[in-house]
Amino acid sequence: MNPINVTVGKKEFFTGIGKIPYEGRESDQPLAFKYYDEGRRVGGKTMKEHLRYAVAYWHSFCGTGSDPFGPGTQALPWLRGKTPLESAKWKLDAAFEFMSKLGVPFYCFHDTDLSPEGATLGEYEKNLQTMVRLAKAKQKESGIQLLWGTANCFSNPKYMNGAATNPDLLITAHAAVQVKAAIDATVELGGANYVFWGGREGYQYLWNTNMKRELDHLGRFLRMARDYGRRAGFKGSFLIEPKPCEPSKHQYDFDSATVIGFLKEHGLARDFKLNIEANHATLAGHSFAHELTVASMNGMLGSIDANRGDEFNGWDTDQFPTNLYDVTEAMLVVLGNGGLGAGGLNFDAKVRRNSTDVEDLFLAHIGGMDTFARGLLCAHAMLEESALPGMRRARYQSWDSEAGRRFESGKMDLLALRGLALKNHVPSRTSGKQEKYENLFNQFLR
Ligand code: XUL
Ligand code: CO
């Protein structure tokens with residue numbers, strides 16, 4: 001297979017690869033879907049409607065594989081324009097060629113993925129407007145839509161102490177320039193959501209940090225952004241993407257529960273939901289399904305960044321999701337949530353540094369898309385055909401009694417509750433049946 005750097009300056013970047021077909025699980029063709037059959041109906045919706053796949057612009061078209069120990073290994077031809085703006089235009093061509101061939105309905109970007117930062121704030125705004133015009137035409141031509149936009153307020157060295165939580169007001173003002181521009185871009189491109197990932201909104205050292213003041217600034221900044229967005233005509237959800245650490249030692253958007261509490265405290269709960277990322281969940285010491293469940297039960301499951309970590313280290317490795325067990329658990333929550341609404345499954349994942357062939361980016365996405373399609377089928381079957389939902393319901397049947405209903409509706413006081421125990425003083429011991437559930441779960445992984 002050709003290295004990815006052989007097609008500089010040509011119109012087609014991913015030469016030799018056509019539209020990825022669905023061939024079914026018996027196929028031995030690597031560049032074909034085995035499970036993702038976009039038109040297949042599963043419980044009243046097509047796979048395409050259930051899964052709402054998106055490609056992440058930053059990993060797929062900007063990342064070259066550099067790490068703290070060495071430079072990039074992936075020589076991306078579209079990054080070799082004579083000017084940064086020329087590279088940005090080639091990158092846009094490459095992105096839409098890739099996404100069209102893959103057959104994904106959505107994409108996501110940061111402002112600085114799409115367009116060069118430029119030397120001044122004015123140049124930054126102008127570049128972004130230029131690229132948004134071009135992206136709009138590409139969307140129209142391809143039918144691919146924007147799932148969400150966001151601003152990168154963490155890479156530029158000026159954000160080393162945070163953006164909205166920076167001790168210096170002027171840096172927070174610079175973040176406002178980007179957030180305003182990225183919201184404008186999202187509105188112009190019809191984006192369904194707008195994301196905030198608090199990259200450096202946190203601290204490295206507690207004793208040089210006024211945590212209370214920084215958190216209040218973050219709440220204030222988000223209210224300002226929300227108000228601006230609504231005035232600018234943004235009708236979708238604002239999303240916060242929880243992550244406990246990396247790059248900061250401690251990040252304020254630690255996990256779903258922390259973020260939901262914060263949103264409620266700062267008057268943001270009506271306009272904001274959560275974007276749950278699998279690898280961020282595991283960094284926080286939770287499972288992916290746990291984080292999804294906390295968001296869902298609060299009516300705040302907005303969207304998903306689909307990836308996975310490595311169980312033997314504690315980094316944000318952003319690998320493509322291939323673990324059917326984890327993905328099936330996630331799809332159980334998504335189906336229980338009634339779907340993702342205007343959210344989707346964004347592959348916030350990157351190929352490994354030593355994956356340098358032109359086909360590797362396709363293989364990675366095909367693997368992720370097939371795994372979630374298969375997880376959807378398993379989870380749907382589990383909910384429709386297995387004893388699992390009924391077993392879980394039955395576990396709580398005592399609460400469906402008269403007394404249980406009185407408790408739940410607030411019509412029972414502590415003395416009445418005590419009275420119940422005195423009348424039935426031998427408590428029952430009912431097995432949690434975990435092993436039965438686990439065996440059932442495995443039986444439906446197929
Ligand atoms: C970083 C991360 C980001 C956000 C968007 O861990 O997940 O790429 O998804 O800023
Ligand atoms: Co993410």
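Counting starts at 1 for both ligands and their atoms, in listed order.
Salt bridge annotation for Asp318-Arg308: absent, with no cationic side-chain nitrogen under 4.0 angstrom from a carboxylate oxygen. Salt-bridge check for Glu12 with Lys101: passed, with a basic side-chain N closer than 4.0 Å to an acidic carboxylate O. Remark: Arg231 does not engage Asp227 in a salt bridge, criterion side-chain N to carboxylate O under 4.0 Å. Between Lys136 and Glu188, at least one side-chain nitrogen of the basic residue sits less than 4.0 Å from a carboxylate oxygen of the acidic one, meeting the salt-bridge criterion. Salt-bridge formation is not detected for the pair Lys19/Glu38: no Lys NZ or Arg NE/NH1/NH2 atom is positioned less than 4.0 Å from an Asp or Glu carboxylate oxygen. Look at Lys138 and Asp93 and you find a salt bridge, because one of the NZ, NE, NH1 or NH2 atoms lies within 4.0 Å of a carboxylate O, short of that distance.
Near ligand 1, residues Trp58, His110, Trp148, Trp197, Glu241, Lys243, Glu277, His280, Asp305, Asp316, Asp348 each place a heavy atom inside the 4.0 Å sphere around the ligand atoms.
Distances from the Co ion (ligand 2) under 2.8 Å pick out these protein N/O/S atoms: Glu241 OE2, Glu277 OE1, Asp305 OD2, Asp348 OD2.
Relative orientation of the His286 and His290 rings is parallel, given thresholds of 30° and 60° on the angle between their planes. Between Phe14 and Trp78, the ring planes lie tilted relative to each other; the angle falls in the 30° to 60° range.
Checked options Phe362, Phe13, Tyr107; the residue passing with Phe98 is Phe362 (criterion: ring pair (Phe, Tyr, Trp, His ring centres under 6.0 Å)).
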